[in-house]
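When a ligand or atom number is given, it counts from 1 through the structure's own listing order.
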Amino acid sequence: MHNYDWLDTERATLEQAGLRRHLRTVRSAPTGTINLDGRDVVLLGSNNYLGLSTHPKVIAAAVEATHAFGTGASGSRLISGNSERYASLETNLAETKGTEAALVFSSGYAANTSVIPVLAGDGDLILSDALNHASIIDGCRLSRATKEVYRHCDMEHLKLLLSASTAFRRRLIVTDGVFSMDGDIAPLPDICNLAAAHDAMVLVDDAHGFGVLGKNGSGTLAHFGLEAENIIQMGTLSKAVGALGGYIAGRHALIEVLINRARGFIFTTGLPPATLAAADVALDVIRSEPQLRQRLFSHAKRLKTVLIDLGYTLLPSETQILPVVLGSPQRATNVAEALLTAGVFAPAIRPPAVPTGTSRLRLTVVATHTEAEIQRAIEAFAAVLS
Ligand SMILES: Cc1ncc(COP(=O)(O)O)c(C=O)c1O
């Protein structure tokens, strides 16, 4: 049994460092208020930004698809046949993203860890923003390419690295569109100019911009008015879209190569028909109900303004993600616990999800929060300070 003793030591080490994580039980749908461990609390930690996972049209599509096609895909898309629901969703995605084609993966994590090793390998260079998501970091590791990390959104640093790396076969710049823990937006026009000048590829992870930013909610490129032609876009269906899955959107040739080379596409089972149908209809709702985005940003603005007035330190986010920086993991955990007692669930985010010394509460609002729920959250934050 000694073989496994290290697990107890590991758990104790996590506890002492304030880094032990706990799963809490939810007994309700992910709306503005949830039932958490038996209590109703305002949720400020959801990525269901537009509330689409409980939208009546989205639910109806999922139920209908389950009746028509069953609950599971039965195998990988190449081996067991490709559900027509995939074709419909991928066409819808390509139209939304302004690309020739799109390919759906079983999660955003799978999309990043699959596409990066296809785009770059031995003899290639990946230039990655210091605050990129863990799935990008893991994709870089799997790729076996050389990796250089540029300082967060620092275009001078990126330019320097590009100028000094002409010997590599291919170069790939990869960045979050909206940074998941900070809520700021990558300077995509500058990144694209640098890429064009140095003959590099660009991969943008639009997990938190898709559905929320730009015309029709089509994402971070649209926010800047950028054409999609020379940019590879990754995104997820698990956040504003309210379902599950990841995607890559780009030119036909890219999608063909991914179908043949991306291991996280080939060696895994397809998504359930209900998930595909839900995501497909959710994309239509995002286009047809712009008031959801307006409501989301109005809630974000209100909460941000009041928290700053109360004296909290917020990072300069431009989006629905509001990071309240608290420093040590213990402080973040203590404030999160006090908020929970006051009726608000705002989970503490600690290393390795964020750099050491920047443990925080990562607050997110959703369009379906009521004014009363936002007010309740504000009162809880005020009470915790006093
Ligand atoms: C920036 C970013 N990329 C990728 C992912 C992974 O997406 P998914 O949750 O669909 O696996 C996430 C979310 O966890 C994310 O925040």
Fill in: Nearest neighbour in protein (non-hydrogen) for atom 6 (C) of ligand 1
Tyr109 N, 3.5 Å
Worksheet item: CD of Glu227: more than 12 outside heavy atoms within 6.0 angstrom?
Response: no
Fill in: Closest protein heavy atom (residue, atom, distance) for atom 5 (C) of ligand 1
His133 CE1, 3.4 Å
Worksheet entry | Phe297 reachable from Ile374 in the ILVMFWY side-chain graph, under 4.5 Å edges | yes
Worksheet item: Which atoms of ligand 1 are found less than 4.0 Å from any heavy atom of Ser238?
Response: 8 (P), 9 (O), 10 (O)
Practice prompt. Apply side chain to side chain contact (heavy atoms under 4.5 Å, CB included) to Ser114 and Leu258, showing your working.
Written response: CA-CA 8 Å; Ser114 300; Leu258 288 175; 6.0 Å; no
Practice prompt. Apply the test side chain to side chain contact (heavy atoms under 4.5 Å, CB included) to residues Val174 and Ser128: give CA-CA distance (whole Å), side-chain angles for both, the deciding distance (0.1 Å), then the verdict.
Written response: CA-CA 5 Å; Val174 55; Ser128 178; 3.9 Å; yes
Worksheet entry | Val178-ligand 1 polar pair, N/O distance under 3.5 Å | no
Practice prompt. Would you check the N or O atoms of Asp176, main chain and side chain alike, for any that come under 3.5 Å of an N or O of ligand 1?
Written response: no
Worksheet item: Among the clusters formed by ILVMFWY side chains lying less than 4.5 Å apart, do Leu363 and Ile349 turn up in the same one?
Response: no
Worksheet item: Under 4.0 angstrom from ligand 1, any heavy atom of Ser135?
Response: yes
Discussion item. Are Tyr109 and His133 an aromatic pair, judged by ring center distance below 6.0 Å?
Written reply: no
Worksheet item: Should the pair Arg302-Glu371 be classified as a salt bridge under the 4.0 Å nitrogen-to-oxygen rule?
Response: yes
Practice prompt. Give the residue and atom name of whichever protein heavy atom lies nearest to atom 7 (O) of ligand 1, and the separation in Å to one decimal.
Written response: Gly108 CA, 3.4 Å
Worksheet item: Closest non-hydrogen protein atom to atom 16 (O) of ligand 1, residue and atom name please, with distance?
Response: His208 NE2, 2.6 Å
Practice prompt. Would you mind checking which non-hydrogen protein atom is closest to atom 3 (N) of ligand 1, with the distance to 0.1 Å?
Written response: Asp205 OD2, 2.6 Å
Worksheet item: Is any side-chain heavy atom of Val365 less than 4.5 Å from a side-chain heavy atom of Leu296?
Response: yes
Worksheet item: Which residue holds the protein heavy atom closest to atom 14 (O) of ligand 1, what is that atom called, and what is the gap in Å?
Response: Lys239 NZ, 3.1 Å
Item to complete: With heavy atoms of Ala207 as the reference, note each atom of ligand 1 found under 4.0 Å away.
Response: 1 (C), 2 (C), 3 (N), 15 (C)
